[in-house]
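What follows is a single structure, written as structure tokens, with notes after it.
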Amino acid sequence: MCMHRQLCVLASLAALILWAPVSTLFAAGPELRSLLPAGGQRGATIEVSAAGNFPKWPVQAWVDRPGLTVTPGEKGKLTVSIAPDAAAGEFWIRLSDPDGSAVPRPFIVGTLAEVNEQEPNNRPAQAQPVGSAVVVNGRFGDNGDVDAFAVDLEQGQTLVASLSGHESLGSPMDSVLEIVSTRGGVLAFNHDQRGLDPRLEFTAPSKARYLVRAFAFPSVPNSTIAFAGNDQYVYRLTLTTKTFVDYPWPLAVTRGRQTPLELFGWNIPAAGKSTTVRAEGSAAGVFDMQGMLTDPVAVVSHAARCESEPNDLPEGEPIELPVTVSGRIEKARDVDVYCFDARKGESLTFQIESRALGYPLDAVLAITDAMGKQLARVDDLPGTRDAALTFSPPDDGSYRVVVSDLNQQGSMRHVYRLRAARTEPDFEVTADALSYVLSAGKPVEITLAVARQNGFDEEIGFSVSGLPGFVTAEAVPSAAQGDLAKSVKLKLNAGAGAFSGPIRIAGQAAGTSKRLHSAGATLPVGGKRTTDLWLSVVAEKP
């Protein structure tokens with residue numbers, strides 16, 4: 001019996017070795033789980049704690065765009081210097097060492113003053129006093145953690161409290177915000193305003209001190225019913241009685257044109273409700289009168305316009321494709337209808353964005369003929385409550401695209417962006433990882449998934465930029481048909497040397513379209529993608 005137990009133990013150990021991830025058997029690069037604080041004010045230099053596993057320190061720090069300088073200090077500490085003219089918004093920081101790279105984490109640059117949460121602040125009597133225009137950087141450090149902050153308000157003042165955690169930082173939490181009195185009575189509450197992140201607006205009924213209280217549950221529910229916390233539960237809490245912009249209007253502008261914008265939100269003075277933007281690229285940042293960044297507007301190459309009420313059934317509002325329309329379901333049971341002319345058999349694409357932008361519309365998208373007969377209808381796409389469909393008219397004529405809310409709700413926040421265009425063949429390339437480790441004599445294969453859209457049937461060739469001279473790339477083209485149309489492998493080979501840095505893989509159509517796209521990989525926050533892949537070439541040890 002004793003011998004049998006020994007054999008079982010040995011067999012179990014052997015199985016663990018065979019099935020253990022490679023990173024547990026050999027040297028691995030750093031692991032970065034979170035940054036605290038996860039952001040800072042323009043012009044500031046701050047110390048940031050990096051939670052994770054760092055076998056070799058100091059690490060190398062890389063940032064995806066200019067404006068931040070990151071310098072490693074003692075183990076687990078980074079000094080982040082933010083340039084006074086740094087663009088407000090999201091930066092990505094990646095840490096690496098000679099053995100590999102960590103998954104990049106977001107760092108948010110803002111314009112308001114910032115403070116760090118101070119423990120203990122669980123109980124009302126321990127609430128941390130803060131100003132009325134500040135960003136608090138905090139973390140729910142342990143299970144059961146509650147963070148409370150004291151704000152003094154005048155009668156009639158409106159306080160906006162907006163917590164960013166899951167949606168913009170990737171924190172694995174579903175957080176809650178409350179406004180409570182100093183006696184503990186709950187005066188306002190919000191749970192999921194923008195995805196799993198809360199936001200609330202509270203107008204003080206009298207001059208007094210009020211408490212903003214925050215706590216969180218796991219973003220993936222488990223068997224416990226309790227407040228949760230760990231080193232990844234980081235957040236940024238904006239508290240302000242000054243201007244807070246919910247969204248700029250319209251939500252899309254035409255590239256290269258000077259476009260007037262109207263700002264919607266809270267505490268916006270009349271003089272600050274309007275601005276203009278002249279945009280290039282694919283998105284444009286918009287700033288309010290305090291210099292705070294609002295959500296960006298999309299920049300499109302075709303016409304962009306706002307809906308014009310009344311535009312309900314049966315006539316609707318005329319549009320010409322291609323166009324991007326900014327719309328709003330302003331009241332319950334409202335519908336927005338757009339009429340367009342189309343030819344028999346042509347392929348048309350219609351896409352709604354609202355939930356993906358952080359707004360509450362649960363969009364329903366339908367196509368009818370001129371008599372109101374429904375020809376197509378879509379509610380939710382996989383993984384989202386936004387909608388999209390492709391439609392081929394059965395005859396030449398006039399048609400209607402109808403936008404509504406599934407639950408027949410509406411408000412000034414039920415905004416959406418509708419893109420209507422003739423379908424064009426295209427492709428997208430996705431790499432199978434964010435980073436790769438290579439050494440001499442041990443090639444690495446990168447699998448590239450090719451998503452061919454709307455009948456795209458050209459061969460696609462691949463090239464890699466950013467490689468050191470001692471690394472070569474062998475790329476197999478993606479054929480127009482067959483298995484290689486969907487997936488190809490790119491092989492990297494290294495000679496003697498060491499390297500750590502970003503690379504880009506470009507795919508270009510060999511046919512008449514000459515379409516060019518870089519391969520992307522999914523970041524750990526909100527399904528966002530990056531085309532900055534990472535390569536670590538490990539030098540041979542003597």
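For the single chain, residues carry numbers from 1 onward in sequence order. It should be emphasised that the depicted structure is a prediction, and the values quoted were computed from it without experimental measurement.
Residues Asp197 and Tyr235 have side chains that never bring a donor and an acceptor to within less than 3.5 angstrom of each other. Residues Gln193 and Arg413 bring a donor and an acceptor atom of their side chains to less than 3.5 Å of each other. No donor-acceptor contact under 3.5 angstrom links the side chains of Thr522 and Lys528, judged on distance only. Asn137 and Glu117 are not linked by any side-chain donor-acceptor pair at a separation below 3.5 angstrom, with hydrogens and angles left out of the test.
Listed by chain and number, the residues in a ring-ring contact (aromatic ring centres under 6.0 Å, His included) with Tyr416 amount to none (sequence neighbours excluded). A search for ring-ring contact (aromatic ring centres under 6.0 Å, His included) contacts involving Tyr210 returns Phe202, not counting sequence neighbours. By the ring-ring contact (aromatic ring centres under 6.0 Å, His included) test, Trp92 pairs with no residue at all, sequence neighbours left out.
Proximity of Leu32 to Val103: side-chain heavy atoms (C-beta onward) are nowhere separated by under 4.5 Å. Within the 4.5 Å cutoff, side-chain heavy atoms of Leu237 are placed close to those of Val212.
Checked against a 6.0 Å centroid threshold, the rings of Phe264 and Tyr247 count as neighbours.
We find the CG-CD distance between Asp152 and Gln157 to be 9.5 Å, quoted to the nearest 0.5 Å. Between the CG atom in Asp231 and the OH atom in Tyr233 there is a gap of 10.5 Å [rounded to 0.5 Å]. Within the model, atoms CG of Leu438 and OG of Ser536 stand 9.5 Å from one another, a figure rounded to the nearest 0.5 Å. Atoms CG and CD, from Asp334 and Gln409 in turn, are 13.0 Å apart once rounded to the nearest 0.5 Å. For the atom pair Thr158 OG1 and Leu153 CG, the distance stands at 9.0 Å (nearest 0.5 Å). Here Arg213 contributes atom CZ and Leu187 contributes atom CG; the two are 10.0 Å apart, rounded to the nearest 0.5 Å.
A cation-pi arrangement, defined by a distance under 6.0 Å to the six-membered ring centre and an angle within 45 degrees of its axis, is absent between Arg419 and Phe350. Remark: Arg194 qualifies as a cation-pi partner of Tyr359 under the 6.0 Å distance and 45° angle criteria applied to the six-membered ring.
By the 30° and 60° cut-offs, the orientation of the rings of Phe227 relative to Phe217 is perpendicular. Taking the six-membered ring where the residue is Trp, Phe244 and Trp266 present tilted rings, their angle falling between 30° and 60°.
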Checklist entry - Passes side-chain hydrogen bond (donor to acceptor under 3.5 Å, both in side chains), Arg236 versus Ser168? Steps please. => result CA-CA 9 Å; Arg236 286 170 57 79; Ser168 59; over 6 Å; no
Checklist entry - So Gln60 and Asp97, side-chain hydrogen bond (donor to acceptor under 3.5 Å, both in side chains) or not? Walk me through it. => result CA-CA 6 Å; Gln60 174 187 342; Asp97 67 20; over 6 Å; no
Next on the checklist: Set out, in order, the CA-CA distance, both residues' side-chain angles and the distance that settles side-chain hydrogen bond (donor to acceptor under 3.5 Å, both in side chains) for Ser500 and Ser96, then state yes or no.
Outcome noted: CA-CA 8 Å; Ser500 182; Ser96 64; 3.2 Å; yes
Next on the checklist: Run His191 and Asp174 through side-chain hydrogen bond (donor to acceptor under 3.5 Å, both in side chains) and show every step you take.
Outcome noted: CA-CA 8 Å; His191 191 201; Asp174 184 356; 3.1 Å; yes
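Thr240 contributes no side-chain N or O that, together with a main-chain N or O of Ala133, makes up a donor-acceptor pair within less than 3.5 Å. Under the 3.5 Å distance criterion, the side-chain polar atoms of Arg94 are left unmatched by any main-chain donor or acceptor of Val63. For the pair Asp532 (side chain) and Pro502 (backbone), a donor-acceptor distance under 3.5 Å is absent. For the pair Asp386 (side chain) and Ser354 (backbone), a donor-acceptor distance under 3.5 Å is present.
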